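The model shown is predicted, which means the values in this text are computed figures rather than measured ones. Just so we're on the same page: letters track the sequence lines, and every chain starts at 1.
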There are 2 protein chains.
Amino acid sequence: MATINEVADRAGVSTATVSRALNGKNTVDSELAARVLTAAEELGYRPNGPARNLRRQETPVLALIISDVENPFFTAISRGVEDVAHAAGYSVVLCNSDDDAEKERSYVSVALEERVAGVLLSPTGRTSGGELLSGTGTPFVALDRPLPGISGDTVLVDTGSAARDATKYLSEQGYRRPGCITGPAGVPTADERLAGYRDGLRAAGIRGCSSLVRRSEFKAAGAGRATRSLLELTQPPDSLLVANNAMALGVLETLRELGLRAGSDVGLVAFDDAPWARLLDPPLSVVAQPAYDIGTVGAQLLLSRIGNERGEPTTTTLSAHLVPRASSDPRWKPF
Amino acid sequence: MATINEVADRAGVSTATVSRALNGKNTVDSELAARVLTAAEELGYRPNGPARNLRRQETPVLALIISDVENPFFTAISRGVEDVAHAAGYSVVLCNSDDDAEKERSYVSVALEERVAGVLLSPTGRTSGGELLSGTGTPFVALDRPLPGISGDTVLVDTGSAARDATKYLSEQGYRRPGCITGPAGVPTADERLAGYRDGLRAAGIRGCSSLVRRSEFKAAGAGRATRSLLELTQPPDSLLVANNAMALGVLETLRELGLRAGSDVGLVAFDDAPWARLLDPPLSVVAQPAYDIGTVGAQLLLSRIGNERGEPTTTTLSAHLVPRASSDPRWKPF
DNA sequence: GTGAAAGCGCTAACAG
DNA sequence: CTGTTAGCGCTTTCAC
């Protein structure tokens with residue numbers, strides 16, 4: 001592939017002039033600039049990114065590391081990040097850690113070595129790639145979950161309150177034994193939703209539900225098993241708060257296998273408003289999180305740090321809101 | 001951030017030795033190697049990727065450019081790519097072109113400039129970033145859709161046959177007026193599914209359906225409008241073949257607004273088996289595409305080209321298969 | 001087995 | 001306004 005030298009030769013100028021012309025510096029004679037442009041065109045010249053980045057000591061790329069590309073919550077975040085980054089002239093590379101701490105570390109490592117301008121990390125949980133990040137000068141922002149033991153800008157959603165509200169709401173709808181299916185212990189989003197659920201129970205004056213909690217990975221399969229184990233109890237829950245939308249898939253599948261309907265048989269509220277939620281029968285009640293906004297806010301924060309903004313690490317907490325639909329209505333009937 | 005020079009100074013060796021030690025060359029004395037390793041550790045040294053890539057003239061990264069991160073079909077492809085790439089020591093960066101030819105070109109451009117080892121491109125359609133790719137020495141593979149007018153390795157799915165089979169199947173199920181909602185004219189996957197639909201009609205001996213075709217973007221909103229326009233016809237279709245899963249969302253939403261049920265009122269088969277498809281009432285009949293395999297095959301192809309495999313461009317065609325569920329059963333009743 | 005030194009392709013002083 | 005030149009940080013001959 002052609003280099004800047006070849007372009008310079010062909011245009012009969014120095015490499016410096018080529019560089020200036022190609023980077024749109026106005027300190028170059030328009031006739032020379034034109035010659036450079038056509039020479040570059042004819043040679044199919046493309047600047048060598050690594051060389052440029054090495055020289056400039058910066059790479060106009062943000063890394064976004066998420067734990068599950070197949071989860072609409074995270075892809076919505078990525079759109080938010082992308083829109084902001086793009087407008088500021090940055091590219092975004094999406095890395096899928098697959099909720100695997102090892103992969104997460106490896107991607108953080110790659111991002112650091114490639115000297116990206118900044119990293120947006122949605123930490124997988126306990127052992128986090130965040131340790132690698134702190135200490136290096138590379139700016140980073142934690143999304144959705146805080147980085148344990150590490151201070152840095154963070155964008156969170158107050159899902160605790162949302163979980164409490166959802167639980168209270170279930171009780172107001174007439175359910176007396178709400179259960180909860182949440183993520184692994186130690187994962188902040190999982191623990192926070194569980195705590196909110198317990199608060200909600202307390203606020204509603206409901207007792208005797210302490211055995212109605214199950215944990216699993218934030219995936220469909222585990223949530224399905226958890227559902228089965230709850231519903232086979234001698235005193236099963238009459239409703240369920242489910243901690244994310246991938247899990248909801250598993251819960252719904254199990255309900256179907258057991259011949260139970262959401263709403264009339266088991267009240268259901270799940271986190272995250274996936275596009276298919278309203279198409280179910282009954283439509284799924286959800287706690288909608290502002291995923292896109294997490295992305296935009298996170299990206300803005302990161303960009304301002306990259307732009308040398310000083311100051312204490314900030315934590316931005318967005319709020320989630322309940323979208324009641326028929327899956328949390330005990331009186332719901334098909335038709 | 002520490003450089004190789006600082007590590008060398010600290011370990012009391014030359015940069016060459018540091019480089020050798022850190023890259024696991026066995027031509028270095030084990031005692032020196034240990035000193036290098038601890039020095040690097042203490043300084044929090046990370047090799048500078050751009051510098052290394054510049055020197056080595058290669059970057060162990062594959063770029064995967066897809067048209068919609070929020071579509072499970074593409075995220076499944078990305079998992080396939082990632083699994084293969086990872087096993088071979090490559091990182092994958094995912095770029096979302098958002099079905100926008102401009103963004104696609106821009107990402108191809110960035111990939112080329114960053115001198116990635118190879119590019120996997122799921123082209124957005126007509127004006128394609130493919131032109132940028134051909135001619136450069138960078139190996140690339142087209143996924144899901146061919147690159148118009150450009151020869152290169154390609155991984156496709158024979159969705160034409162699948163569309164034909166699905167249409168015939170609708171007729172066997174008793175539907176007499178199947179309609180079709182497909183993507184924009186000129187997009188190969190859209191045209192091919194439409195052609196298959198027409199073949200199916202012919203094979204089933206059905207006539208008079210020529211006005212039952214609508215086109216829109218491969219998105220929910222457009223498909224929703226298309227559905228409405230079809231069902232408001234004086235002679236509306238009694239069933240629908242829908243060309244992808246994002247569109248299916250729009251179709252289902254419109255059906256609901258019109259108070260119609262899939263199956264009994266309007267037979268439905270849609271492309272792509274999304275995780276929520278079986279949870280609907282009635283469960284959605286789909287044409288399942290081997291998305292994950294598209295990714296693995298594409299990545300393998302690309303890696304072998306990167307490994308200097310010569311030979312003519314190949315085209316691999318995978319097949320899709322019908323998964324019949326109740327949305328294509330005219331006798332389906334709720335309960 | 002180790003070090004010195006060249007150079008990957010580019011940009012940014014610095015001269016002119 | 002343009003050219004010369006010195007590196008950015010690393011790997012890799014080439015000597016020793």
Side-chain angles (χ1 to χ4, degrees), chain A residues 1-37 39-40 43-61 109-117 136-138, chain B residues 1-37 39-40 43-61 109-117 136-138:
Chain A
M1 183 160 296
T3 74
I4 200 172
N5 284 293
E6 304 173 45
V7 178
D9 285 354
R10 186 173 187 107
V13 297
S14 74
T15 60
T17 299
V18 173
S19 175
R20 286 189 277 252
L22 259 27
N23 288 296
K25 301 262 192 283
N26 45 11
T27 68
V28 53
D29 183 87
S30 63
E31 198 247 332
L32 282 195
R35 251 163 53 203
V36 168
L37 254 38
L43 292 167
Y45 170 74
R46 294 193 161 273
N48 182 310
R52 162 185 285 173
N53 299 336
L54 173 58
R55 177 60 229 238
R56 288 200 180 147
Q57 297 284 63
E58 63 178 19
T59 305
V61 169
S109 203
V110 171
L112 252 23
E113 293 188 0
E114 294 304 325
R115 301 293 193 267
V116 299
T136 75
T138 306
Chain B
M1 184 159 295
T3 73
I4 200 173
N5 285 292
E6 304 173 43
V7 177
D9 284 354
R10 188 177 187 104
V13 298
S14 73
T15 59
T17 300
V18 173
S19 175
R20 287 191 274 253
L22 259 27
N23 288 294
K25 302 263 190 284
N26 44 11
T27 67
V28 52
D29 184 87
S30 64
E31 198 246 332
L32 281 195
R35 249 163 53 205
V36 168
L37 253 38
L43 290 167
Y45 171 73
R46 293 190 162 276
N48 181 308
R52 163 185 282 174
N53 299 336
L54 174 59
R55 176 62 230 235
R56 287 198 177 149
Q57 298 284 63
E58 63 178 19
T59 305
V61 169
S109 206
V110 171
L112 252 21
E113 293 187 2
E114 294 305 325
R115 300 295 193 266
V116 299
T136 75
T138 306

*Asks:* State plainly whether the residues B:E6 and B:R10 are in salt-bridge range, i.e. N to O under 4.0 Å.
*Replies:* no

*Asks:* To the nearest angstrom, how far is B:E58 atom CD from C:dG9 atom P?
*Replies:* 14 Å

*Asks:* Taking atom C1' of C:dA12 as reference, at what distance in whole Å does atom CG of A:L22 sit?
*Replies:* 16 Å

*Asks:* How is A:N23 classified with respect to the nucleic acid when contacts are heavy atoms under 4.0 Å: base, sugar-phosphate, or nothing?
*Replies:* sugar-phosphate

*Asks:* Answer yes if the side chains of B:N53 and A:E114 hold a donor-acceptor pair under 3.5 Å, and no otherwise.
*Replies:* yes

*Asks:* What bend angle does the helix from C:dG1-D:dC16 to C:dG16-D:dC1 show across its length, from five-pair end axes and to the nearest 10 degrees?
*Replies:* 40°

*Asks:* Let me know the distance between CZ of B:R55 and C1' of C:dG7, rounded to the nearest Å.
*Replies:* 6 Å

*Asks:* So, does A:T17 get its side chain near the phosphate of D:dG3, meaning an N or O under 4.0 Å from OP1 or OP2?
*Replies:* yes

*Asks:* Report which part of the nucleic acid A:T27 touches: base, sugar-phosphate, or nothing (heavy-atom distance under 4.0 Å, all strands).
*Replies:* base

*Asks:* Do B:R46 and A:S109 have side chains that get closer than 4.5 Å, going by heavy atoms?
*Replies:* yes

*Asks:* Between P on C:dG9 and CG on A:L43, what's the gap in Å once rounded to a whole number?
*Replies:* 14 Å

*Asks:* Name the residue closer to the 5' end of DNA chain C, choosing between A:K25 and B:V28 according to the nucleotide with the nearest heavy atom.
*Replies:* B:V28

*Asks:* Can a donor-acceptor pair under 3.5 Å be found between the side-chain atoms of B:R20 and the base atoms of C:dG3?
*Replies:* yes

*Asks:* What's B:P47 touching, base or sugar-phosphate or nothing? Going by heavy atoms closer than 4.0 Å.
*Replies:* sugar-phosphate

*Asks:* So, the side chain of B:N23 versus the backbone of B:K25: is there a donor-acceptor pair under 3.5 Å, distance only?
*Replies:* no

*Asks:* In whole angstrom, give the distance that lies between atom CG of B:L54 and atom P of D:dC8.
*Replies:* 13 Å

*Asks:* Please figure out whether B:T15 or A:R52 has its closest DNA chain C nucleotide nearer the 5' end.
*Replies:* B:T15

*Asks:* Please state how far atom CD1 in B:I4 lies from atom C1' in D:dT11, giving the value in whole angstrom units.
*Replies:* 8 Å

*Asks:* Taking 4.0 Å as the cut-off, does a side-chain nitrogen or oxygen of B:Q57 come that near to OP1 or OP2 on C:dG9?
*Replies:* yes

*Asks:* So A:M1 and B:R115, do their side chains get closer than 4.5 Å, heavy atoms only?
*Replies:* yes

